[in-house]
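See below for the structure under consideration.
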Number of protein chains: 2
Amino acid sequence: MSTLGYALLSLLARGPATGYELTRLMKTPIGHFWVAQHSQIYPELARLAEIGHVVVREDAGPGPRAKKTYTITESGREALTRWLPQPPAVVPRSEIGLKAYAVRSADAGEMAALYEAIAAEAAGKVAAYRQELDQMSDDPDDPRFGNYAVLKLGVVSHQGMCEWATWLATRLRQVGSPT
Amino acid sequence: MSTLGYALLSLLARGPATGYELTRLMKTPIGHFWVAQHSQIYPELARLAEIGHVVVREDAGPGPRAKKTYTITESGREALTRWLPQPPAVVPRSEIGLKAYAVRSADAGEMAALYEAIAAEAAGKVAAYRQELDQMSDDPDDPRFGNYAVLKLGVVSHQGMCEWATWLATRLRQVGSPT
DNA sequence: ATTTTCATGTAATCTGTTACATGATTAC
DNA sequence: GTAATCATGTAACAGATTACATGAAAAT
(Lines give C-alpha, C1' and ligand atoms only; values in the text may rest on other atoms or scores of the structure.)
Protein backbone atom coordinates (compact mmCIF):
# COMPACT_ATOMS: atom_id res chain seq x y z
CA MET A 1 0.00 0.00 0.00
CA SER A 2 1.22 3.48 -0.89
CA THR A 3 1.28 6.43 1.50
CA LEU A 4 -1.51 8.03 -0.50
CA GLY A 5 -3.67 4.98 0.20
CA TYR A 6 -3.24 5.56 3.93
CA ALA A 7 -3.92 9.27 3.50
CA LEU A 8 -7.26 8.40 1.90
CA LEU A 9 -8.06 5.86 4.61
CA SER A 10 -7.28 8.58 7.20
CA LEU A 11 -9.94 10.78 5.62
CA LEU A 12 -12.46 7.97 5.16
CA ALA A 13 -12.00 6.99 8.82
CA ARG A 14 -13.88 10.23 9.61
CA GLY A 15 -16.81 9.31 7.34
CA PRO A 16 -17.79 8.20 3.81
CA ALA A 17 -16.92 10.46 0.88
CA THR A 18 -16.70 10.59 -2.90
CA GLY A 19 -13.43 10.89 -4.82
CA TYR A 20 -14.32 14.48 -5.57
CA GLU A 21 -14.85 15.27 -1.91
CA LEU A 22 -11.63 13.50 -0.94
CA THR A 23 -9.75 15.65 -3.46
CA ARG A 24 -11.01 18.75 -1.64
CA LEU A 25 -10.45 17.25 1.81
CA MET A 26 -6.84 16.46 0.91
CA LYS A 27 -6.18 20.17 0.49
CA THR A 28 -6.53 21.20 4.11
CA PRO A 29 -5.15 20.51 6.62
CA ILE A 30 -3.53 17.31 5.25
CA GLY A 31 -2.42 19.13 2.12
CA HIS A 32 0.04 21.15 4.20
CA PHE A 33 2.00 17.90 4.55
CA TRP A 34 0.81 15.63 1.75
CA VAL A 35 -0.58 16.78 -1.60
CA ALA A 36 -2.42 14.74 -4.24
CA GLN A 37 -4.29 15.49 -7.46
CA HIS A 38 -7.60 13.89 -8.37
CA SER A 39 -5.85 11.96 -11.17
CA GLN A 40 -3.90 10.13 -8.48
CA ILE A 41 -6.78 9.79 -6.04
CA TYR A 42 -9.33 8.08 -8.35
CA PRO A 43 -7.11 5.11 -9.31
CA GLU A 44 -5.94 4.75 -5.70
CA LEU A 45 -9.57 4.51 -4.51
CA ALA A 46 -10.16 1.77 -7.08
CA ARG A 47 -7.15 -0.13 -5.68
CA LEU A 48 -8.43 0.29 -2.09
CA ALA A 49 -11.78 -1.13 -3.19
CA GLU A 50 -10.07 -4.04 -4.94
CA ILE A 51 -8.23 -5.10 -1.76
CA GLY A 52 -11.34 -4.59 0.35
CA HIS A 53 -10.23 -1.62 2.48
CA VAL A 54 -13.21 0.40 1.23
CA VAL A 55 -16.63 -0.38 -0.25
CA VAL A 56 -18.30 1.60 -3.02
CA ARG A 57 -21.90 2.70 -3.44
CA GLU A 58 -22.93 4.04 -6.83
CA ASP A 59 -25.57 6.73 -7.36
CA ALA A 60 -26.62 8.78 -10.36
CA GLY A 61 -24.02 11.48 -10.93
CA PRO A 62 -24.29 14.93 -12.45
CA GLY A 63 -22.06 14.01 -15.42
CA PRO A 64 -21.87 11.02 -17.74
CA ARG A 65 -20.63 8.64 -15.00
CA ALA A 66 -22.04 7.35 -11.73
CA LYS A 67 -21.14 9.14 -8.50
CA LYS A 68 -19.24 6.79 -6.20
CA THR A 69 -19.33 7.06 -2.44
CA TYR A 70 -16.56 5.23 -0.58
CA THR A 71 -16.89 3.85 2.94
CA ILE A 72 -13.97 2.43 4.95
CA THR A 73 -14.29 -1.24 5.98
CA GLU A 74 -13.13 -2.95 9.15
CA SER A 75 -10.13 -4.24 7.18
CA GLY A 76 -9.35 -0.68 6.11
CA ARG A 77 -9.51 0.57 9.68
CA GLU A 78 -7.21 -2.24 10.81
CA ALA A 79 -4.68 -1.45 8.09
CA LEU A 80 -4.70 2.22 9.13
CA THR A 81 -4.33 1.32 12.81
CA ARG A 82 -1.35 -0.92 12.05
CA TRP A 83 0.33 1.68 9.81
CA LEU A 84 0.04 4.68 12.13
CA PRO A 85 2.37 3.66 14.99
CA GLN A 86 5.16 2.55 12.61
CA PRO A 87 8.16 4.88 12.26
CA PRO A 88 7.33 7.28 9.42
CA ALA A 89 9.53 7.28 6.32
CA VAL A 90 11.35 10.59 5.97
CA VAL A 91 12.27 11.47 2.39
CA PRO A 92 13.84 14.92 2.42
CA ARG A 93 12.92 17.04 -0.60
CA SER A 94 13.21 20.76 0.04
CA GLU A 95 14.34 23.11 -2.68
CA ILE A 96 14.76 25.82 -0.06
CA GLY A 97 17.44 23.83 1.75
CA LEU A 98 19.08 22.90 -1.53
CA LYS A 99 19.31 26.51 -2.63
CA ALA A 100 20.79 27.47 0.73
CA TYR A 101 23.74 25.17 0.06
CA ALA A 102 24.51 26.94 -3.22
CA VAL A 103 23.69 30.42 -1.92
CA ARG A 104 27.17 31.78 -2.71
CA SER A 105 26.77 30.85 -6.41
CA ALA A 106 24.30 33.72 -6.95
CA ASP A 107 24.18 37.41 -6.16
CA ALA A 108 23.99 37.98 -2.40
CA GLY A 109 21.47 40.82 -2.69
CA GLU A 110 19.13 38.81 -4.88
CA MET A 111 19.36 35.84 -2.52
CA ALA A 112 18.71 38.10 0.49
CA ALA A 113 15.53 39.31 -1.24
CA LEU A 114 14.50 35.70 -1.83
CA TYR A 115 14.88 34.75 1.82
CA GLU A 116 13.07 37.90 2.92
CA ALA A 117 10.15 36.85 0.72
CA ILE A 118 10.29 33.31 2.13
CA ALA A 119 10.31 34.70 5.69
CA ALA A 120 7.32 36.92 4.97
CA GLU A 121 5.32 34.06 3.47
CA ALA A 122 6.16 31.79 6.41
CA ALA A 123 5.13 34.53 8.87
CA GLY A 124 1.82 34.86 7.05
CA LYS A 125 1.14 31.16 7.36
CA VAL A 126 2.04 31.14 11.04
CA ALA A 127 -0.49 33.92 11.66
CA ALA A 128 -3.19 32.19 9.59
CA TYR A 129 -2.69 28.80 11.27
CA ARG A 130 -2.63 30.41 14.72
CA GLN A 131 -5.96 32.10 14.03
CA GLU A 132 -7.49 28.77 13.03
CA LEU A 133 -6.02 27.05 16.10
CA ASP A 134 -7.59 29.63 18.40
CA GLN A 135 -11.06 28.51 17.31
CA MET A 136 -10.36 24.81 17.81
CA SER A 137 -10.34 22.35 20.66
CA ASP A 138 -6.95 21.09 21.87
CA ASP A 139 -8.65 18.18 23.65
CA PRO A 140 -6.98 14.92 22.51
CA ASP A 141 -10.30 13.13 23.01
CA ASP A 142 -11.95 15.36 20.41
CA PRO A 143 -12.42 13.46 17.11
CA ARG A 144 -10.99 16.47 15.26
CA PHE A 145 -7.84 16.59 17.41
CA GLY A 146 -5.85 15.46 14.35
CA ASN A 147 -6.62 18.76 12.63
CA TYR A 148 -5.33 20.62 15.66
CA ALA A 149 -2.10 18.57 15.75
CA VAL A 150 -1.43 19.09 12.03
CA LEU A 151 -1.97 22.85 12.21
CA LYS A 152 0.29 23.05 15.24
CA LEU A 153 3.04 21.28 13.27
CA GLY A 154 2.48 23.83 10.53
CA VAL A 155 3.01 26.63 13.04
CA VAL A 156 6.32 25.31 14.37
CA SER A 157 7.58 24.45 10.87
CA HIS A 158 6.86 27.86 9.39
CA GLN A 159 7.95 29.60 12.57
CA GLY A 160 11.35 27.95 12.28
CA MET A 161 11.50 28.67 8.55
CA CYS A 162 10.72 32.34 9.19
CA GLU A 163 13.44 32.69 11.82
CA TRP A 164 16.02 30.93 9.67
CA ALA A 165 15.19 32.83 6.47
CA THR A 166 15.35 36.14 8.37
CA TRP A 167 18.75 35.21 9.80
CA LEU A 168 20.06 34.16 6.36
CA ALA A 169 18.77 37.32 4.67
CA THR A 170 20.42 39.49 7.33
CA ARG A 171 23.71 37.63 6.93
CA LEU A 172 23.59 37.95 3.13
CA ARG A 173 23.01 41.69 3.41
CA GLN A 174 26.41 41.86 5.17
CA VAL A 175 28.29 40.27 2.26
CA GLY A 176 31.22 42.44 1.16
CA SER A 177 30.68 44.87 4.06
CA PRO A 178 33.44 45.38 6.64
CA THR A 179 33.31 43.36 9.87
CA MET B 1 16.15 20.87 -16.12
CA SER B 2 15.21 18.89 -13.05
CA THR B 3 15.94 19.94 -9.47
CA LEU B 4 18.47 17.12 -9.23
CA GLY B 5 20.38 18.69 -12.13
CA TYR B 6 20.70 21.92 -10.18
CA ALA B 7 21.70 19.99 -7.05
CA LEU B 8 24.57 18.43 -9.01
CA LEU B 9 25.56 21.80 -10.46
CA SER B 10 25.59 23.21 -6.91
CA LEU B 11 28.14 20.58 -5.93
CA LEU B 12 30.19 20.92 -9.11
CA ALA B 13 30.32 24.70 -8.59
CA ARG B 14 32.67 23.91 -5.67
CA GLY B 15 35.00 21.82 -7.84
CA PRO B 16 35.18 18.90 -10.31
CA ALA B 17 34.05 15.45 -9.16
CA THR B 18 33.15 11.98 -10.40
CA GLY B 19 29.62 10.54 -10.25
CA TYR B 20 30.75 8.35 -7.40
CA GLU B 21 32.05 11.31 -5.43
CA LEU B 22 28.88 13.29 -6.14
CA THR B 23 26.83 10.40 -4.78
CA ARG B 24 28.75 10.71 -1.50
CA LEU B 25 28.67 14.50 -1.51
CA MET B 26 24.87 14.46 -1.94
CA LYS B 27 24.60 12.71 1.43
CA THR B 28 25.72 15.57 3.62
CA PRO B 29 24.76 18.30 4.15
CA ILE B 30 22.56 18.51 1.02
CA GLY B 31 21.12 15.07 1.73
CA HIS B 32 19.32 16.49 4.77
CA PHE B 33 17.11 18.34 2.27
CA TRP B 34 17.47 16.52 -1.04
CA VAL B 35 18.34 12.84 -1.47
CA ALA B 36 19.41 10.98 -4.62
CA GLN B 37 20.73 7.52 -5.42
CA HIS B 38 23.60 6.87 -7.82
CA SER B 39 21.16 5.30 -10.29
CA GLN B 40 19.56 8.71 -10.63
CA ILE B 41 22.79 10.70 -10.57
CA TYR B 42 24.65 8.93 -13.41
CA PRO B 43 21.97 9.49 -16.10
CA GLU B 44 21.46 13.08 -14.90
CA LEU B 45 25.20 13.81 -15.30
CA ALA B 46 25.01 12.45 -18.86
CA ARG B 47 22.12 14.85 -19.55
CA LEU B 48 24.07 17.80 -18.08
CA ALA B 49 27.01 16.92 -20.35
CA GLU B 50 24.67 16.68 -23.35
CA ILE B 51 23.35 20.20 -22.86
CA GLY B 52 26.84 21.55 -22.14
CA HIS B 53 26.45 22.47 -18.47
CA VAL B 54 29.36 20.17 -17.58
CA VAL B 55 32.36 18.68 -19.43
CA VAL B 56 33.68 15.15 -18.91
CA ARG B 57 37.24 13.87 -18.69
CA GLU B 58 37.75 10.11 -18.86
CA ASP B 59 40.53 8.25 -17.07
CA ALA B 60 41.23 4.58 -16.47
CA GLY B 61 38.86 3.33 -13.77
CA PRO B 62 39.26 0.55 -11.21
CA GLY B 63 36.44 -1.49 -12.74
CA PRO B 64 35.48 -2.42 -16.28
CA ARG B 65 34.52 1.17 -17.26
CA ALA B 66 36.36 4.47 -17.46
CA LYS B 67 36.28 6.84 -14.51
CA LYS B 68 34.58 10.12 -15.50
CA THR B 69 35.41 13.43 -13.89
CA TYR B 70 32.84 16.19 -14.42
CA THR B 71 33.65 19.91 -14.44
CA ILE B 72 31.03 22.66 -14.51
CA THR B 73 31.12 25.00 -17.54
CA GLU B 74 30.39 28.72 -17.74
CA SER B 75 26.94 27.80 -19.13
CA GLY B 76 26.38 25.53 -16.11
CA ARG B 77 27.33 28.30 -13.69
CA GLU B 78 24.98 30.71 -15.45
CA ALA B 79 22.08 28.24 -15.30
CA LEU B 80 22.70 27.76 -11.57
CA THR B 81 22.91 31.52 -10.97
CA ARG B 82 19.61 32.07 -12.78
CA TRP B 83 17.85 29.23 -10.93
CA LEU B 84 18.89 30.14 -7.39
CA PRO B 85 17.00 33.44 -6.86
CA GLN B 86 13.72 32.05 -8.26
CA PRO B 87 11.00 31.19 -5.73
CA PRO B 88 11.56 27.55 -4.71
CA ALA B 89 8.84 25.01 -5.44
CA VAL B 90 7.39 23.63 -2.22
CA VAL B 91 5.91 20.14 -2.53
CA PRO B 92 4.79 19.01 0.91
CA ARG B 93 5.42 15.32 1.57
CA SER B 94 5.72 14.47 5.25
CA GLU B 95 4.43 11.19 6.61
CA ILE B 96 4.83 12.58 10.10
CA GLY B 97 2.28 15.33 9.41
CA LEU B 98 -0.02 12.88 7.69
CA LYS B 99 0.02 10.48 10.63
CA ALA B 100 -0.72 13.37 12.99
CA TYR B 101 -4.00 13.98 11.19
CA ALA B 102 -5.09 10.39 11.75
CA VAL B 103 -3.64 10.12 15.24
CA ARG B 104 -7.01 9.27 16.82
CA SER B 105 -7.38 6.20 14.56
CA ALA B 106 -4.72 4.31 16.53
CA ASP B 107 -4.02 3.56 20.17
CA ALA B 108 -3.10 6.77 22.03
CA GLY B 109 -0.34 5.10 24.06
CA GLU B 110 1.30 3.61 21.00
CA MET B 111 1.14 6.96 19.20
CA ALA B 112 2.58 8.74 22.24
CA ALA B 113 5.52 6.33 22.14
CA LEU B 114 5.99 7.07 18.44
CA TYR B 115 6.14 10.82 18.99
CA GLU B 116 8.48 10.37 21.94
CA ALA B 117 10.83 8.45 19.65
CA ILE B 118 10.51 11.13 16.96
CA ALA B 119 11.27 13.84 19.53
CA ALA B 120 14.34 11.95 20.77
CA GLU B 121 15.66 11.46 17.26
CA ALA B 122 15.11 15.13 16.41
CA ALA B 123 16.87 16.19 19.62
CA GLY B 124 19.83 14.01 18.68
CA LYS B 125 20.09 15.64 15.29
CA VAL B 126 19.87 19.12 16.78
CA ALA B 127 22.80 18.30 19.09
CA ALA B 128 24.85 16.78 16.27
CA TYR B 129 24.26 19.67 13.88
CA ARG B 130 25.02 22.22 16.61
CA GLN B 131 28.34 20.51 17.32
CA GLU B 132 29.25 20.72 13.64
CA LEU B 133 28.16 24.35 13.44
CA ASP B 134 30.41 25.27 16.37
CA GLN B 135 33.46 24.29 14.34
CA MET B 136 32.42 26.25 11.26
CA SER B 137 32.64 29.81 10.05
CA ASP B 138 29.41 31.82 9.96
CA ASP B 139 31.03 34.36 7.64
CA PRO B 140 28.81 34.79 4.54
CA ASP B 141 31.95 35.53 2.49
CA ASP B 142 33.33 32.08 3.29
CA PRO B 143 32.98 29.73 0.28
CA ARG B 144 31.60 27.06 2.61
CA PHE B 145 28.92 29.37 4.04
CA GLY B 146 26.30 27.26 2.23
CA ASN B 147 27.13 24.29 4.48
CA TYR B 148 26.62 26.51 7.53
CA ALA B 149 23.26 27.77 6.25
CA VAL B 150 21.98 24.26 5.50
CA LEU B 151 23.00 22.92 8.91
CA LYS B 152 21.35 25.87 10.58
CA LEU B 153 18.11 25.10 8.75
CA GLY B 154 18.47 21.54 9.98
CA VAL B 155 18.73 22.81 13.54
CA VAL B 156 15.58 24.95 13.41
CA SER B 157 13.61 22.23 11.58
CA HIS B 158 14.47 19.46 14.03
CA GLN B 159 14.20 21.82 16.97
CA GLY B 160 10.62 22.61 15.96
CA MET B 161 9.89 18.94 15.30
CA CYS B 162 11.22 18.01 18.73
CA GLU B 163 9.06 20.58 20.50
CA TRP B 164 5.96 19.61 18.56
CA ALA B 165 6.42 15.86 18.98
CA THR B 166 7.01 16.32 22.72
CA TRP B 167 3.83 18.39 23.01
CA LEU B 168 1.83 15.81 21.04
CA ALA B 169 3.16 12.88 23.06
CA THR B 170 2.27 14.66 26.31
CA ARG B 171 -1.24 15.40 25.07
CA LEU B 172 -1.74 11.80 23.95
CA ARG B 173 -0.66 10.52 27.36
CA GLN B 174 -3.67 12.46 28.75
CA VAL B 175 -6.21 10.63 26.59
CA GLY B 176 -8.97 9.13 28.67
CA SER B 177 -7.65 10.76 31.87
CA PRO B 178 -9.82 13.23 33.78
CA THR B 179 -9.34 16.97 33.12
C1' DA C 1 39.81 -15.32 2.72
C1' DT C 2 36.37 -11.88 3.03
C1' DT C 3 34.54 -7.43 3.21
C1' DT C 4 34.65 -2.68 2.07
C1' DT C 5 35.66 0.91 -1.08
C1' DC C 6 36.11 2.63 -5.68
C1' DA C 7 33.62 3.14 -9.96
C1' DT C 8 29.94 2.93 -13.57
C1' DG C 9 26.06 1.64 -15.58
C1' DT C 10 20.91 -0.46 -16.90
C1' DA C 11 16.09 -2.39 -16.16
C1' DA C 12 11.89 -2.77 -13.94
C1' DT C 13 8.85 -0.71 -11.19
C1' DC C 14 6.46 2.74 -8.59
C1' DT C 15 4.90 7.40 -7.71
C1' DG C 16 3.45 11.77 -9.14
C1' DT C 17 2.27 15.73 -12.56
C1' DT C 18 0.13 17.75 -16.48
C1' DA C 19 -2.98 17.51 -19.86
C1' DC C 20 -6.96 15.64 -22.18
C1' DA C 21 -11.95 14.31 -22.10
C1' DT C 22 -17.06 14.45 -20.84
C1' DG C 23 -21.27 16.52 -19.22
C1' DA C 24 -25.07 18.12 -15.86
C1' DT C 25 -26.36 21.70 -12.58
C1' DT C 26 -26.09 26.01 -10.23
C1' DA C 27 -24.76 30.75 -9.60
C1' DC C 28 -23.90 35.25 -11.59
C1' DG D 1 -25.05 33.43 -21.79
C1' DT D 2 -20.87 32.41 -19.16
C1' DA D 3 -18.40 30.74 -15.43
C1' DA D 4 -17.95 27.94 -11.50
C1' DT D 5 -19.02 23.71 -9.19
C1' DC D 6 -19.99 18.86 -9.16
C1' DA D 7 -18.25 14.47 -10.70
C1' DT D 8 -15.29 10.81 -12.87
C1' DG D 9 -12.05 9.08 -15.51
C1' DT D 10 -7.48 8.13 -18.86
C1' DA D 11 -2.90 9.00 -21.21
C1' DA D 12 1.59 10.69 -21.57
C1' DC D 13 5.32 11.99 -19.32
C1' DA D 14 8.65 12.99 -15.58
C1' DG D 15 10.87 11.81 -11.37
C1' DA D 16 12.52 8.41 -8.04
C1' DT D 17 13.43 3.62 -5.96
C1' DT D 18 14.97 -1.01 -5.96
C1' DA D 19 17.34 -4.42 -7.94
C1' DC D 20 20.60 -6.34 -11.18
C1' DA D 21 25.33 -6.37 -13.17
C1' DT D 22 30.56 -5.99 -13.40
C1' DG D 23 35.21 -5.90 -11.57
C1' DA D 24 39.73 -3.98 -9.55
C1' DA D 25 42.15 -2.50 -5.34
C1' DA D 26 42.59 -1.93 -0.56
C1' DA D 27 41.63 -2.98 4.05
C1' DT D 28 40.54 -6.37 7.70
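Reminder, nothing fancy here: chain letters follow the sequence lines and each chain counts from 1.
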Ring pair (Phe, Tyr, Trp, His ring centres under 6.0 Å): pairs with one or both residues in residues 124-143 of chain B, sequence neighbours excluded
B:His32-B:Tyr129, B:Tyr129-B:His158
Measure from CD on B:Gln40 to P on D:dT17 and round the result to the nearest Å.
6 Å
So what does A:Ala36 hit on the nucleic acid, given a heavy-atom distance under 4.0 Å: a base, only sugar-phosphate, or nothing?
nothing
Could A:Arg57 and A:Tyr70 be counted as a cation-pi pair, given that NZ or CZ must be under 6.0 Å from the ring centre and within 45° of the axis?
no
Give a yes or no answer on whether the side chain of A:Arg104 reaches the backbone of B:Arg144 with a donor-acceptor pair at less than 3.5 Å.
no
Using whole Å, what does the distance between atom P of nucleotide C:dT10 and atom CD of B:Gln37 come to?
17 Å
Within the distance-only criterion (no hydrogens, no angle test), does the side chain of A:Thr73 pair as donor or acceptor with the backbone N or O of A:Gly52 below 3.5 angstrom?
yes
On the nucleotide C:dG9, are OP1 or OP2 found under 4.0 Å from the side-chain N or O atoms that B:Lys68 carries?
yes
Are the side chain of A:Glu163 and the backbone of A:Gly160 linked by a donor-acceptor contact shorter than 3.5 Å?
no
Candidate nucleotides C:dA7, D:dA16, C:dG16, ranked by approach to the side chain of A:Arg93 - the nearest
D:dA16
For the side chain of A:Ser39, starting at C-beta, report the closest nucleotide among C:dA21, D:dA11, D:dA21.
D:dA11
Write down the distance between CE (B:Met1) and C1' (D:dG15), rounded to a whole number of angstrom.
14 Å
Under a 4.0 Å heavy-atom cut-off, which of residues 2-26 of chain A touch DNA chain D?
A:Thr18, A:Gly19, A:Tyr20
A:Ile41 CD1 to D:dC6 P: how many Å, rounded?
15 Å
Among the candidates D:dT10, C:dT22, D:dT17, find the nucleotide nearest to the side-chain atoms of A:His38.
D:dT10
When you measure from the centre of the six-membered ring of B:Trp34, is the NZ or CZ of A:Lys99 closer than 6.0 Å and no more than 45° off the axis?
no
Can you find a side chain N or O atom of A:Tyr42 that sits less than 4.0 Å from OP1 or OP2 on D:dG9?
no
Which nucleotide wins on minimum distance to the side chain of B:Trp34, given the candidates D:dA16, D:dA7, D:dT17?
D:dA16
Is A:Arg65 near enough to D:dT10 that one of its side-chain N or O atoms lies under 4.0 angstrom from OP1 or OP2?
no
Go through residues 43-62 of chain A and report each residue with a non-hydrogen atom lying under 4.0 Å from DNA chain D, sorted by number.
A:Pro62
Audit row: B:Trp167, B:Tyr115, ring pair (Phe, Tyr, Trp, His ring centres under 6.0 Å) steps and yes/no
CA-CA 9 Å; B:Trp167 162 81; B:Tyr115 291 111; 9.3 Å; no
Would you find more than 12 non-hydrogen atoms of other residues, nucleotides or ligands less than 6.0 Å from B:Glu121 atom CD?
no
If we check side chain to side chain contact (heavy atoms under 4.5 Å, CB included) with A:Arg93, which of these qualifies: B:Val91, B:Thr3, B:Val35?
B:Val35
